[in-house]
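Both counts, for ligands and for their atoms, begin at 1 and track the order of listing.
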Amino acid sequence: MKLLILNGPNLNMLGIREPEIYGNRTYNDLCKLIEDHAQEIGVEAEIRQSNHEGVLVDWIQEARGKFDGIVLNPAAYTHTSVALLDAVLAAGVPTVEVHISDPDQREPFRRVSYLRRACVACVKGKGFAGYPEAIDELKLRIERINS
Ligand code: DQA
């Protein structure tokens with residue numbers, strides 16, 4: 001099983017940006033956690049990060065036929081991007097939305113997710129641990145689809 005793990009803008013700044021919200025661990029720490037978990041459960045995980053909406057759209061489109069599922073942290077684009085919503089709908093690849101913090105408990109503008117309706121599940125507010133959880137959830141759903 002091949003999964004694409006996509007991270008949106010400013011997630012490369014983990015460890016530096018707002019540690020009181022996102023913690024002290026870095027983006028590299030997050031990648032290592034994801035890689036270790038993927039290896040442990042026997043899935044292939046390719047991890048990418050971009051600060052650019054169009055690049056994320058390209059990667060979501062590219063996932064069609066290449067990846068079995070996507071774990072997507074759209075970061076700030078969660079709350080603004082019809083383009084990312086359309087890309088997930090167009091690609092037709094099962095996608096789980098993940099957030100390190102819980103956007104629903106923060107500023108009102110973060111309570112809207114344009115992506116949620118296109119995603120099979122959402123994991124939020126669990127810190128870095130949300131990624132392994134999102135991967136497990138996605139794996140389960142893909143196995144169900146394929147059985
Ligand atoms: C985030 C939450 C978003 O509101 C924010 O813009 C981010 C990160 C999270 O993982 O908690 O950049 O997606």
Check Glu62 with Arg48, please: is the shortest side-chain N to carboxylate O separation under 4.0 Å? yes
Using every non-hydrogen atom in the two residues, find where Arg111 and Arg106 come nearest and quote the distance to one decimal. NH2-O, 3.1 Å
Give me the pairs of N or O atoms, one from ligand 1 and one from the protein, that sit under 3.5 Å apart.
residue  : atom   : partner : partner atom : Å
ligand 1 : 4 (O)  : His79   : NE2          : 2.7
ligand 1 : 4 (O)  : Arg110  : NH1          : 2.9
ligand 1 : 6 (O)  : Ala76   : N            : 3.2
ligand 1 : 6 (O)  : Arg110  : NH1          : 3.0
ligand 1 : 10 (O) : Asn73   : ND2          : 2.9
ligand 1 : 10 (O) : Ile100  : N            : 2.7
ligand 1 : 11 (O) : Ile100  : N            : 3.2
ligand 1 : 11 (O) : Ser101  : N            : 2.8
ligand 1 : 11 (O) : Ser101  : OG           : 2.6
ligand 1 : 12 (O) : Arg17   : NH1          : 3.1
ligand 1 : 12 (O) : Arg17   : NH2          : 3.1
ligand 1 : 13 (O) : Asn73   : OD1          : 2.8
ligand 1 : 13 (O) : His99   : ND1          : 2.8

Table please: side-chain donor-acceptor pairs of residues 118-130 below 3.5 Å, with sequence neighbours left out.
residue : atom : partner : partner atom : Å
Lys124  : NZ   : Asp102  : OD1          : 3.2
Lys124  : NZ   : Asp104  : OD2          : 3.0
Lys126  : NZ   : Glu133  : OE1          : 3.2
Lys126  : NZ   : Glu133  : OE2          : 3.0

To which residues is Met13 joined in a hydrophobic cluster, defined by side-chain heavy-atom contacts under 4.5 Å among Ile, Leu, Val, Met, Phe, Trp and Tyr, whether direct or through other members? Ile16
When you compare the side chain of Ile142 with that of Leu3, does any pair of heavy atoms fall below 4.5 Å? yes
Going by chain and number, the hydrophobic cluster around Leu85 (ILVMFWY, side chain to side chain under 4.5 Å) further includes Leu89
